[in-house]
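In what follows, residues are counted from 1 in the order of the sequence shown.
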Amino acid sequence: MPPPPPKKKNLLKSFMGNGKDALQQVGTKQRHGGGGGGLPRLSASSKALVLLPLLLLAFIFLFVYPKEFELQAMLSACGPAAAEPAAVRKPEFRLLIGVLTRADLYERRHLLRMVYGLQLASPGGLAAHVDVRFVFCRLYKDDQRVLVPLEILAHGDVIVLDGCEENLNGGKTYTFLSAVAALYADEPYDYVMKADDDIFLRLPQLVGSLGGMPREDMYYGATIPCDSMDPFREYMAGMAYALSWDLVQWIATSDVARNHSVGTEDMLTGLWLRIGGKGKNRFNAKPAIHDYLNPVPVDQCEHEFMPTTIGVHRLKSNPRWAEALKYFNFTAGLQPSKFYKID
């Protein structure tokens with residue numbers, strides 16, 4: 001006899017039964033504290049994987065980031081040492097050179113700016129701080145009132161004196177020295193030199209000569225008369241002479257200078273000092289400061305150029321300037337170029 005067929009299961013009842021069992025299991029887990037909120041509970045290894053990156057970030061921000069510049073410095077130290085900046089040499093003294101000239105002499109000032117500017121900008125530099133200023137009395141022509149301001153804008157090296165006429169022996173030197181004492185009272189120089197506009201001063205040699213001089217009661221130049229080497233006999237020639245700052249201040253406030261301001265200017269300077277008992281430290285720079293040698297010499301202040309020359313006076317023309325500059329090899333720094341050919 002064949003076996004009876006299997007009974008068919010009620011799928012709906014099975015599903016519902018299983019659903020009840022699942023709900024009972026979930027409820028049981030909730031009662032025992034498991035799977036809160038329906039999420040699975042993290043194991044210890046899972047928590048470590050989550051916390052490790054957070055701890056790493058905290059370490060970076062707390063310890064590495066504040067040391068960033070120190071790490072960079074350490075890395076830089078491992079590389080080649082940086083060159084130390086060159087030490088700035090402190091000038092031994094301050095010198096003001098006042099070139100007494102006339103407003104109309106534009107070409108001469110152009111030449112002097114080149115001559116002194118190249119020396120001031122020389123690679124070796126000077127042991128002293130030197131300023132060159134062009135000095136003349138009030139402007140009295142319309143063109144001067146336009147062209148001189150152009151120079152001032154371009155170069156800033158002009159002093160226009162008030163209260164004097166354009167006459168070297170009419171009180172200009174006194175006005176210059178007294179004005180300088182007031183203009184530079186807040187930043188005084190050690191020495192002030194009065195110079196003509198026809199003298200070529202070799203600044204390194206001048207600075208070297210003044211370097212060992214006293215800073216007070218000092219009167220320096222080329223003695224007059226020309227046959228004398230005694231600085232106390234008369235006075236220093238007007239081509240170029242220097243005074244210490246205290247003497248400049250004294251001249252600016254002295255009745256002696258004020259009452260004897262008109263006349264031969266270099267002679268008057270010597271007279272002021274003699275009457276006032278000033279200038280006890282006097283130094284004769286001859287033969288290093290001298291006049292240009294004429295074909296027929298006029299006096300003993302003239303002689304030929306020398307390697308030790310400090311200043312050459314009476315360069316009244318461009319050919320004389322060219323002769324002096326050529327002797328001292330002043331254009332030695334000129335480099336060959338396709339833009340010019342100079343035989």
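Side chain of Arg109 to main chain of Asp197: no donor-acceptor pair is present (N/O by atom type, distance under 3.5 Å, no hydrogens or angles). Side-chain atoms of Lys278 never come within 3.5 Å of backbone atoms of Leu247 as a donor-acceptor pair (strictly under, hydrogens ignored). Remark: the backbone N or O of Cys164 is not paired with any side-chain donor or acceptor of Lys172 at under 3.5 angstrom. Judged by distance alone, the side chain of Arg320 and the main-chain N or O of Arg314 form a donor-acceptor pair under 3.5 Å. The closest donor-acceptor contact from the side chain of Asp246 to the backbone of Asp217 lies under 3.5 Å. With hydrogens and angles ignored, the 3.5 Å screen pairs a side-chain donor or acceptor of His303 with a backbone N or O of Pro287.
Taking Ile, Leu, Val, Met, Phe, Trp and Tyr as hydrophobic and joining them when side-chain heavy atoms fall under 4.5 Å apart, one finds Val148 in a cluster with Tyr106, Phe136, Leu139, Leu147, Leu150, Ile152, Val158, Val160.
Considering Lys326, Arg108, Lys316 in turn, Arg108 is the only one that fulfils the side-chain contact (heavy atoms from CB on, under 4.5 Å) rule with Trp321. With respect to Glu265, the side-chain hydrogen bond (donor to acceptor under 3.5 Å, both in side chains) criterion is satisfied by exactly one of Asn169, Asn167, Thr173: Thr173.
Cluster membership check: Phe328 does not share its hydrophobic cluster with Met306, using side-chain heavy-atom separations under 4.5 Å among Ile, Leu, Val, Met, Phe, Trp and Tyr. Following chains of ILVMFWY side-chain contacts shorter than 4.5 Å, one cannot reach Leu325 starting from Leu293, and the two form parts of different hydrophobic clusters. Hydrophobic clustering, with ILVMFWY side chains joined whenever heavy atoms are under 4.5 angstrom apart, keeps Leu210 apart from Leu96. Under the 4.5 Å side-chain contact rule for hydrophobic residues, Leu177 and Tyr220 do not share a cluster. Leu201 and Met236 fall into different hydrophobic clusters, where Ile, Leu, Val, Met, Phe, Trp and Tyr residues are linked whenever their side-chain heavy atoms come under 4.5 Å apart, directly or through other members.
When only modelled atom types and interatomic distance are considered, Tyr140 and Glu166 share no side-chain donor-acceptor pair under 3.5 Å. Neither side chain, Glu216 nor Asn281, offers a donor N or O lying under 3.5 Å from an acceptor on the other. Side chain to side chain, Ser228 and Asp230 fail the donor-acceptor criterion of an N or O pair below 3.5 Å.
Residues Leu206 and Leu95 form a side-chain contact, since some pair of their non-hydrogen atoms from C-beta on lies under 4.5 Å apart. At least one side-chain heavy atom of Leu203 sits less than 4.5 Å from a side-chain heavy atom of Ile97. Residues Tyr191 and Met213 have side chains in contact (heavy-atom distance under 4.5 Å, counting atoms from C-beta outward).
Other residues, nucleotides and ligands place no more than 12 heavy atoms under 6.0 Å from the CZ atom of Arg102. The environment of His110 atom NE2 is sparse: at most 12 non-hydrogen atoms of other residues, nucleotides or ligands sit within 6.0 angstrom. Open room surrounds CG on Asp142; 12 or fewer heavy atoms of other groups in view lie less than 6.0 Å from it.
By the salt bridge (Lys or Arg N to Asp or Glu O under 4.0 Å) test, Arg282 pairs with no residue at all, sequence neighbours left out.
Note on ring orientation: taking the six-membered ring where Trp is involved, the planes of Tyr189 and Tyr184 are perpendicular (angle over 60°, cut-offs 30° and 60°). Ring pair Tyr241/Tyr219 is perpendicular by interplanar angle, where above 60° counts as perpendicular and below 30° as parallel.
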Derivation of the side chain to side chain contact (heavy atoms under 4.5 Å, CB included) call for Asp198 and Tyr292:
CA-CA 10 Å; Asp198 61 344; Tyr292 176 88; over 6 Å; no
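With respect to the salt-bridge test (charged N to carboxylate O, under 4.0 angstrom), the residues Arg138 and Asp162 qualify.
Between Phe200 and Tyr327, the distance from one ring center to the other does not fall under 6.0 angstrom.
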